[in-house]
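Each chain gets a letter, A, B and so on, in the order the sequences are listed, and its residues count up from 1.
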Amino acid sequence: MTNRSRSFRVPDKPSLDGIEAKWVDVWDESGVYHFDRAKSRDEIFSIDTPPPTVSGALHIGHAFSYTHTDTVARFQRMRGKSVFYPMGWDDNGLPTERRVQNYYGVRCDPSIPYDPDFSPPAKPDPKRQVSISRRNFIELCDRLTAEDEKVFENVWRRLGLSVDWRYTYATIDDTSRAAAQRAFLRNLARGEAYMSEAPTLWDVTFRTAVAQAELEDRERPSAFHKLAFHRADGGQVHIETTRPELLAACVALVAHPDDERYRDLVGQTVRTPLFGVEVPVKAHHLADPEKGSGIAMICTFGDTTDVTWWRELQLETRAIVGWDGRVVAEPPAAITSEEGRLAYGRLAGATVHTARERVVEMLRESGELIGDPTPITHPVKFYEKGDKPLEIVTTRQWYIRNGGRDTDIREALLSRGRELAWYPGHMRSRYEHWVEGLNGDWLISRQRFFGVPFPVWYPLDGEGNPDYEAPIVPYEAALPVDPSSEAPAGYTEDQRGRPGGFMGDPDIMDTWATSSLTPQIAGGWERDNDLFERVFPMDLRPQGQDIIRTWLFATVVRSHFEHGTVPWRSTGISGWILDPDRKKMSKSKGNVVTPLDLLERYSSDAVRYWAASGRLGTDTALDEGQMKVGRRLSIKILNASKFVLSVAGEDATDAPAAVTEPLDRAMLAALSEVVEDATAAFEAYDHTRALEHTERFFWEFCDDYLELVKARAYDGDATTGAGASARAALLIALSALQRLFAPFLPFVADEVWSWWNEGSVHAASWPDAAEFRAAAQDGDPAVLATTSDVLRAVRKAKSERKLSMRAEVERVVVRGKNVRNAQVAEGDLVAAGRAAELDFEITGDSELTVDVVLPASDA
RNA sequence: GGGCGGUUAGCUCAGUUGGUUAGAGCGCUACCUUGACACGGUAGAGGUCACAGGUUCGAAUCCUGUAUCGCCCACCA
């Protein structure tokens, strides 16, 4: 209650117009959101901000979840914490590559040399993309993402995020690349990262491997084809398949060991149709007697079950689908017959789709297709960003262990998940189910261009073949490195690709391999260890529920290996934004509303109000009605503040008057309860509850308390007495309310705060319930509640008679038990209700009843 | 097939460990230009808390089952 200026600047007509531009600049200049790194760990609240993908426009969903985090940041700051609230940009990976291709009309061809004078076509032609070198391509990626980041930052500022903009990073910048490479090299040195040649889920459009976490199922039409295999005894055995085009890749048939029908056949061989290849018949428990004919063909590789069978039954490899999704030219060696090789020749070079048609045609001709194919619909695995079904191709890839193959690592990671505090709590089960369901390690290499390269070279032997078993790695001090343009220590660039020389690893890391290190990147790991020790492990990881299996899990994995700890204490999971029809918003449906438009129409605080009314983990509909409510609330705060300051402002001295009146004390007692509740709610990451309770109190404060004390506050003695009590209470409450709203409505809160205080409300201290309890003395909230009830009854009577609220009342009679016992503020009620007379009748009834006698109407 | 979450007024949602007549806002209706606020205010109508059982003096709240919606996972021949 000190340092108040008496020269108030309360505008005549307060307004929200231009409020964002004004305060964004003020905050930027004052540095009110600056992180104070001199503070010790326990005085710091650190946030592992999600770096949004910089591949176009921000989505209203971003505004939603980032607002949640911002309310927490502001609360913690007001509680006295130094808040580490950085911002990152996720700019590597496929979304950026795709955007650059379309935006500039180019495509990357790594075989083309760098052209330092290249400039992109003036008018991009999507059908004729210009081929450019990898380095030129990456330059364009850098250029475009830099522009996008500026746009993003402006929206964030306008939304009022209290980020410290001195702490930003991009997942492709030198710092991030160095961190990603360093972490990888340490994983490699400890045996947590390894290279393996294995069947890999492969996207034929992007021509890259994809990880289990990036898969999704889509329903696709298909058909069962019944094929005749030939038994040694001249008989046939029929199998059903949805992938007849893989017949040439068939390496075995498989039936369940208990299946009587095929028991004799197991251990024998059969010949494939068309190609005449002899394949064994095997037994395996995964073969389902209920499916198809109960016996299946195993191909290398039609689906992940094939991979399991191939591995567990130790079958041959007979791959026919190449990296481009087409049937490879050379037939498998096992196809020896002339007819078989001829049939294969008709498939070589064809897409999977065409190959299927041709195989079916040939099977029809040969009579080995039994009946017509039966159409079905079944789920097929897709890369979540891809358009064609995944194939399984054997390739050499880098992996990081994640418990998918080691039970001890799995247990350790499950235990890390239990160390974390989850908000809401049930989100933990998503983490646990994902970890428990892993069926392989984390594939981190991608055959793409814009990303963090693997910091690894391979020596070439005398014939120019790489020795993958003896990778050459750089010193950490040299990071980041680009092995495709830099030579390893001890070699010169002219030895690249030569026998006895070296080759760089051509791949880049999956984007999650970098973003799984955001706490380390933002926190200055191995770059600014003083900072890192002050912020890590971080307090909060806010994020979406859809990326628990990717971002959250991967971050836990990296932190577990590198630091032996969880990366944060808590994680807050935001829900989806649904459009008003309760469907998930998506760009493809064209129902995305841009945040800027809404910020302009309703004000930033109004949009934040809508966002803050959505709880963590709960899907929330985009509701412009809520934004209207937020706008109305903001305007109400302007006007109520104006009123309080104009009526009570002159009493705002260093020595405020004592609050003596029961009604005033009652209001302050109720306020202390609200403060207590809002504080507890914020501490439990329940920002919605904090807002609801503050808001409810504020409306009652305006509707009832302000009306009741208005007359008393206007009149009364200047420095003592009932009037001074009202004015002191009004100022105390106003100060508290402005601070309670500050995390939610930062613009309007600082606006009204600035009318009568020095400094920003966002640097002010969070209200302390004890302070208000002390001011309230023995105040009983029931006095305010009861008096308000009577006032409401008076209003109701006037409203029913269709009278103005100014209408005079002849007499009000309040009946009930103990009604006189200081439960009703008599004088205030008479003034606010314009009652000539107020009487009490004590009855045995615990229920309160009110009679309002109005003048007889003229009519 | 397994799991997680939801189902409360026309709409969007609260309802804190079970405790009187279930709350708010929007929308709707009526009224009021009252000296903070017409970018207002006051009041009103509107709900068998998805359904069926059960526990209990008492259930929107706890238990069982069903329906339904959303999401996730699964070895999808």
If the P atom of rC49(B) is compared with that of rC62(B), how far apart are they to the nearest Å?
15 Å
For the pair T308(A) (side chain) and T304(A) (backbone), establish whether a donor and an acceptor sit closer than 3.5 Å, ignoring hydrogens and angles.
yes
Tabulate protein N/O versus nucleotide N/O from nucleotides 1-5 of chain B, keeping only pairs under 3.5 Å, one per line.
residue, atom, partner, partner atom, Å
rG3(B), O2', H433(A), ND1, 3.1
rG3(B), O2', H433(A), NE2, 3.3
rC4(B), O2', H426(A), ND1, 3.4

Would you say rC39(B) has OP1 or OP2 under 4.0 Å from some side-chain N or O of K636(A)?
no
For Q212(A), check side-chain hydrogen bond (donor to acceptor under 3.5 Å, both in side chains) against everything at least two apart and list the hits.
none
Check the orientation of F698(A) and F701(A). Use parallel for under 30°, tilted for 30 to 60°, and perpendicular for over 60°.
parallel
Considering only atom P, compute the distance from rU34(B) to rC39(B) and round it to an integer number of Å.
15 Å
In terms of side-chain geometry, is the basic nitrogen of K710(A) or D828(A) positioned less than 4.0 Å from the acidic oxygen of its partner?
no
Please state the C1' separation for the pair rA60(B) and rG47(B) - nearest whole angstrom.
11 Å
With heavy-atom distances below 4.5 Å as the criterion, would you say the side chains of K385(A) and V210(A) are in contact?
no
Taking NZ, NE, NH1 and NH2 as the nitrogens, is one of them in K22(A) or E20(A) under 4.0 Å from a carboxylate oxygen of the other?
no
Hey, do the aromatic rings of W202(A) and Y383(A) have their centres closer than 6.0 Å?
no
Sub-6.0 Å ring centroid separation between F697(A) and H693(A)
no
At a cut-off of 3.5 Å, list every protein nitrogen or oxygen paired with a nitrogen or oxygen from nucleotides 22-28 of chain B, distance to 0.1 Å.
residue, atom, partner, partner atom, Å
rC26(B), OP1, R632(A), NH2, 3.2

May I ask you to check whether H256(A) and H284(A) place their ring centers less than 6.0 Å from one another?
no
Write down the distance separating the P atoms in rA50(B) and rG44(B), rounded off to the nearest Å.
27 Å
In whole angstrom, give me the gap between the P atoms of rU56(B) and rC51(B).
23 Å
I'd like to know if R418(A) and E432(A) make a salt bridge, using a cut-off of under 4.0 Å between side-chain N and carboxylate O.
yes
K628(A): side chain to side chain contact (heavy atoms under 4.5 Å, CB included) partners, not counting sequence neighbours:
Y602(A)
A681(A) near the nucleic acid: base, sugar-phosphate alone, or nothing, with a heavy-atom cut-off under 4.0 Å?
nothing
For a quick test of reading the model, state the closest non-hydrogen atom pair linking S293(A) to I239(A) and the distance between them.
OG-CA, 3.5 Å
Contacts under 3.5 Å, N or O only, protein and nucleotides 44-47 of chain B:
residue, atom, partner, partner atom, Å
rG44(B), OP1, K796(A), NZ, 3.3

Going by number, which of residues 603-616 of chain A have a non-hydrogen atom under 4.0 Å from RNA chain B?
R615(A)
So does R218(A) pair up with E216(A), basic N to acidic O under 4.0 Å?
yes
Dump every N/O contact between nucleotides 29-31 of chain B and the protein below 3.5 Å, one line per pair.
residue, atom, partner, partner atom, Å
rA30(B), O2', K802(A), NZ, 3.2

Between rG58(B) and rU21(B) - C1' atom distance, rounded Å
15 Å
Do side-chain atoms of S429(A) reach the backbone of H426(A) as a donor and acceptor pair under 3.5 angstrom?
yes
Got a salt bridge between E624(A) and R601(A), using NZ or NE/NH1/NH2 to carboxylate O under 4.0 Å?
yes
rC75(B) phosphate, OP1 or OP2, under 4.0 Å from H285(A) side-chain N/O
no
Looking at residues at least two apart in the chain, or sitting in another chain, which of them share a side-chain hydrogen bond (donor to acceptor under 3.5 Å, both in side chains) with E692(A)?
none
Nearest nucleotide by nearest heavy atom, which residue falls closer to the 5' end of RNA chain B, T242(A) or E707(A)?
E707(A)
Looking only at atom P, what distance separates rA38(B) and rA30(B), rounded to whole Å?
22 Å
Please tabulate, one pair per line, all N/O donor-acceptor pairs under 3.5 Å involving side-chain atoms of residues 372-381 of chain A, not counting sequence neighbours.
residue, atom, partner, partner atom, Å
D372(A), OD1, R364(A), NH2, 3.3

Compare the minimum distances between each of rG41(B), rA43(B), rC75(B) and the side chain of N439(A), then state the nucleotide with the smallest one.
rC75(B)
F741(A) versus S634(A): any side-chain heavy-atom pair under 4.5 Å?
no
In this structure, which stretches of RNA chain B are paired as stems of three or more consecutive Watson-Crick or G-U pairs, both distances less than 3.5 Å?
B:1-7 with B:67-73, B:10-13 with B:23-26, B:28-32 with B:40-44, B:50-54 with B:62-66
Between N or O atoms, less than 3.5 Å apart, protein on one side and nucleotides 16-19 of chain B on the other: list the pairs.
residue, atom, partner, partner atom, Å
rU16(B), O2, R689(A), NH2, 2.8

Please determine whether salt bridge (Lys or Arg N to Asp or Glu O under 4.0 Å) holds for the pair K798(A) and E808(A), giving the CA-CA distance in whole Å, both sets of side-chain angles, and the decisive distance to 0.1 Å.
CA-CA 9 Å; K798(A) 292 180 182 177; E808(A) 300 286 336; over 6 Å; no
Examine distances only and state if a side-chain atom of T688(A) and a backbone atom of D686(A) form a donor-acceptor pair shorter than 3.5 Å.
no
Below 4.0 Å: OP1/OP2 of rC72(B) and any side-chain N or O of Q212(A):
no
So, using side chain to side chain contact (heavy atoms under 4.5 Å, CB included) as the criterion, who are the partners of T272(A) when residues are at least two apart?
F229(A), L247(A), C250(A), F275(A), V277(A), V279(A)
Would you kindly compare C702(A) and A296(A) by the position of their nearest RNA chain B nucleotide and give the one closer to the 5′ end?
C702(A)
Let's go through K642(A) and W755(A) carefully: what are the C-alpha distance in whole Å and the side-chain angles of both, what is the deciding distance for side chain to side chain contact (heavy atoms under 4.5 Å, CB included) to 0.1 Å, and is it a yes or a no?
CA-CA 9 Å; K642(A) 179 189 156 196; W755(A) 294 345; 4.2 Å; yes
Distance between P atoms of rA67(B) and rU20(B) (Å, rounded):
34 Å
